[in-house]
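Read the structure below first, then the notes.
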2 protein chains.
Amino acid sequence: MTAQAATGSATLEQVARLANVSRATVSRVVNGDRRVGEAARAAVEAAVKELGYIPNRAARSLVTRRSDSVAVVIPEPTGQVFGDPFFPRVLRGISDALAEEEMQLVLLMPQGRADEARVERYLAAGHSDGVLLVSLHGSDPLPADLQRRGISVVVGGRPPGAGVSYVDVDNRGGAASAVRHLIEGGRRRVATIAGPQDMPPGADRLAGYHETLSVAGRPVDERLIEVADFTHEGGRAAMQRLIERAPDLDAVFVASDLMGLGALVALQAAERRVPDDVAIVGFDDSPLAESARPAMSSVRQPIEEMGREMTRLLLQSIRRPGEPPRRVILDTNLVVRQSSAPM
Amino acid sequence: MTAQAATGSATLEQVARLANVSRATVSRVVNGDRRVGEAARAAVEAAVKELGYIPNRAARSLVTRRSDSVAVVIPEPTGQVFGDPFFPRVLRGISDALAEEEMQLVLLMPQGRADEARVERYLAAGHSDGVLLVSLHGSDPLPADLQRRGISVVVGGRPPGAGVSYVDVDNRGGAASAVRHLIEGGRRRVATIAGPQDMPPGADRLAGYHETLSVAGRPVDERLIEVADFTHEGGRAAMQRLIERAPDLDAVFVASDLMGLGALVALQAAERRVPDDVAIVGFDDSPLAESARPAMSSVRQPIEEMGREMTRLLLQSIRRPGEPPRRVILDTNLVVRQSSAPM
DNA sequence: GGTCATCGTGAGAGCGCTCTCACAGTCACG
DNA sequence: CGTGACTGTGAGAGCGCTCTCACGATGACC
């Protein structure tokens, strides 16, 4: 035969006939219901194997009113911002965790308001069992809207409002560990290049910087703080301004590796040796950090783990609706390289 | 009421009742069938609006035997290799094109053999209407397998075998334009750092280098050719070897920006000025190229467009099965920056 | 005015599955 | 031995939709 129906596969009915049992029994075996006799189970399993039976998801969904799929929403700006592969890594974590549960990942990448409306309609229609939102620029009304409609949502990254489950990396703690490391390395004037303050990671990393200085009894000097936009060029320009304003700085904590690379360029242009004159620590531990010269110390984030944890939280929320929102903060760890060698 | 069923929404039946027509008529209106009277159509549209009716995909799929979804398969190594955001960009293109057709994107990221088997089972079951495979390291038996089963497949990047539709970027042409640009800039000894030769982009870019030299009547000097692995460190080491072996080189075409950055580091270490002593052109036009110092010329690839074109091809193949495979090669364009200023 | 195509519409079957309910069989208990 | 609990199984309804077929109404044509 030519076109052996792609959608082909056998049906429950056929399996039942071959195994000499009812459809109901086959369904029980397939779905792992324990109240099935030994003989029947064996017969069904043999028949399933012989026919290469795979359940039809549509038929199942129709009656269970579950889709066995999870929507992952990645709004426009998020995919762009990062030079390092943040986005693929979260997806990998999510994909992993979903595969274990035999659930499907439906990816939605709205661009522009029209698209966002479409996405919202799609989600509101209940076409997915739950929603994971990977958003790093806060202020998205989507999660709250969906939750109001009774749809489970988990956000990746700290959302601005409360009331929604989320998983975040310990940005504050990570920043703190970087700054502490610089201080312990004998640095006296530790500057920082922060990220945009309307983005939670930007704000939280700066908070970690402040906190650590104050714990260490160091005064916070405004001249040692610059805010940039998480880009390479932004980091370069910020470092240049810092050098001009505070020529005596001897260390800098940069809130992203990409900015860190830019900062490195500015330091070289200003003929400051790294790490001899100025130590530098980045954030993200992207591949760039390792291959910079000198190799750049950086705060590593468990990004895949974030995806996995988001998924776990979501599945729990789907299975036990109505529970209060939860949050999970994942530890970072500092990877020390040459750029922050002690004085 | 408390739990206002998330999956709620109205049914065709209810819409039909409200509009005073049959279910069939509602179905026709919803699916854009033109043979419906003006009055009936208006009544249905009003009812749909009033009830906020959204068709149930599962029910529809069950009868049409279409899923209105497309699977995108990204095998393990592909997501990792690239420092620049190749992978999110293809996805964005695909997502875009699918959204226009109201189709869903199901993302599959198998890791390891067990996962790949699961993916294959899923696809073979016909749970998606077609498959897009984004693979850059060739030699995957999946596309051929699926096609044999009568499932539409389109591959992103040139696959090693024939017989499968694919969309690729004109790697050869892009490399040629880069090399031509260097020659026209007055460079006499143009070297290259190629990518792995078992990856089609690696091989094709090197072919473009060869081709252009021969067209220009230049001898191909084996000492001017190094193969690396698309990483920063690989590029650096390769450049170092080139300088040692052919100290008189005055230009280098590097098959990826990440390697190009590495090469830049090696050139600086060897105290060769860019572009005065040595000109350099990369490939990918990633954000890194722009922010390098000096800013690096690079071959830009239309990656989103690749995703869109893959989707178009796939949808055509789904709608008209049995047509012969097609291939689409997308043009690149050279972005000239400081690193390759003429002598 | 009869014949035939065309158009708009409705009735009804059925996609493949789950799940409730009923029922026969088995066993423990009084 | 009757009663009740429990276990394994099957019959059958029905999830929401599409699509075929049939049918009445309309208009074109001879």
Side-chain angles (χ1 to χ4, degrees), chain A residues 5-45 47-48 51-69 102 104 122 125-127 129, chain B residues 5-45 47-48 51-69 102 104 122 124-129:
Chain A
T7 324
S9 191
T11 71
L12 245 207
E13 180 74 47
Q14 294 171 36
V15 175
R17 218 143 43 203
L18 183 58
N20 250 312
V21 296
S22 69
R23 288 201 319 281
T25 298
V26 178
S27 177
R28 287 187 188 103
V29 172
V30 168
N31 292 295
D33 190 323
R34 277 168 321 195
R35 315 164 299 189
V36 177
E38 211 32 69
R41 157 163 288 119
V44 169
E45 277 164 358
V48 163
L51 296 176
Y53 171 72
I54 300 177
N56 179 316
R57 292 176 83 94
R60 179 180 284 171
S61 286
L62 186 55
V63 33
T64 58
R65 335 198 112 256
R66 282 179 285 108
S67 66
D68 291 323
S69 76
E102 308 263 313
Q104 244 42 68
Y122 174 82
H127 286 324
D129 297 340
Chain B
T7 324
S9 188
T11 71
L12 245 208
E13 182 74 46
Q14 294 170 38
V15 175
R17 218 141 44 202
L18 182 58
N20 247 311
V21 295
S22 70
R23 287 201 319 280
T25 298
V26 178
S27 177
R28 288 186 188 103
V29 172
V30 169
N31 292 294
D33 191 322
R34 275 167 323 196
R35 316 164 299 191
V36 177
E38 211 30 72
R41 156 163 290 120
V44 169
E45 278 165 357
V48 164
L51 296 176
Y53 170 72
I54 300 177
N56 179 316
R57 292 177 82 94
R60 177 179 286 174
S61 287
L62 186 55
V63 33
T64 59
R65 337 200 109 256
R66 281 179 286 108
S67 65
D68 291 322
S69 76
E102 308 262 316
Q104 243 43 67
Y122 175 81
H127 286 323
S128 288
D129 297 339

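Naming: A, B, ... by sequence-line order, numbering from 1 per chain. Source: prediction; values computed, not measured. Scope of the values below: all heavy atoms of this structure, side chains included, with no hydrogens, waters or symmetry mates.
Contact footprint of chain B on DNA chain D: nucleotides with an atom under 4.0 Å from a non-hydrogen protein atom, first to last in 5' to 3' order, D/dG16 to D/dT20.
With a 4.5 Å cut-off on side-chain heavy atoms, B/V29 and B/E45 count as touching.
Residues satisfying the ring-ring contact (aromatic ring centres under 6.0 Å, His included) test with B/Y122, not counting sequence neighbours, are B/H127. For A/S27, the side-chain hydrogen bond (donor to acceptor under 3.5 Å, both in side chains) partners two or more places apart in sequence, or in a different chain, are A/N31.
In terms of heavy atoms, B/V30 sits closest to B/Y53 at CG2-CE2, 4.0 Å. Contact record, B/S67 with B/S61: CA-OG, 3.6 Å, taken as the closest heavy-atom pair. Between B/N56 and B/A58 the shortest heavy-atom distance is OD1-N, 2.8 Å.
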In residues 13-23 of chain B, what donor-acceptor pairs under 3.5 Å come from side-chain atoms, sequence neighbours left out?
residue: B/S22; atom: OG; partner: B/A24; partner atom: N; Å: 3.4
residue: B/S22; atom: OG; partner: B/T25; partner atom: N; Å: 3.3
residue: B/S22; atom: OG; partner: B/T25; partner atom: OG1; Å: 3.4

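When the local axes at the two ends of the helix from C/dG1-D/dC30 to C/dG30-D/dC1 are compared, using 5 base pairs at each end, they differ in direction by 40° after rounding to 10°.
Legend: side-chain hydrogen bond (donor to acceptor under 3.5 Å, both in side chains) pairs involving residues 32-42 of chain A, not counting sequence neighbours, sorted by first then second residue: A/D33-A/R35.
Side-chain N or O atoms of B/R57 include one that pairs as donor or acceptor with a backbone N or O of B/D68 at under 3.5 Å.
DNA chain C lies under 4.0 Å from at least one heavy atom of each of the following residues of residues 16-34 of chain B: B/V21, B/S22, B/R23, B/A24, B/T25, B/R28. Taking every heavy atom of residues 35-44 of chain B and every atom of DNA chain C, pairs under 4.0 Å involve B/R35, B/V36, B/G37, B/A40, by number.
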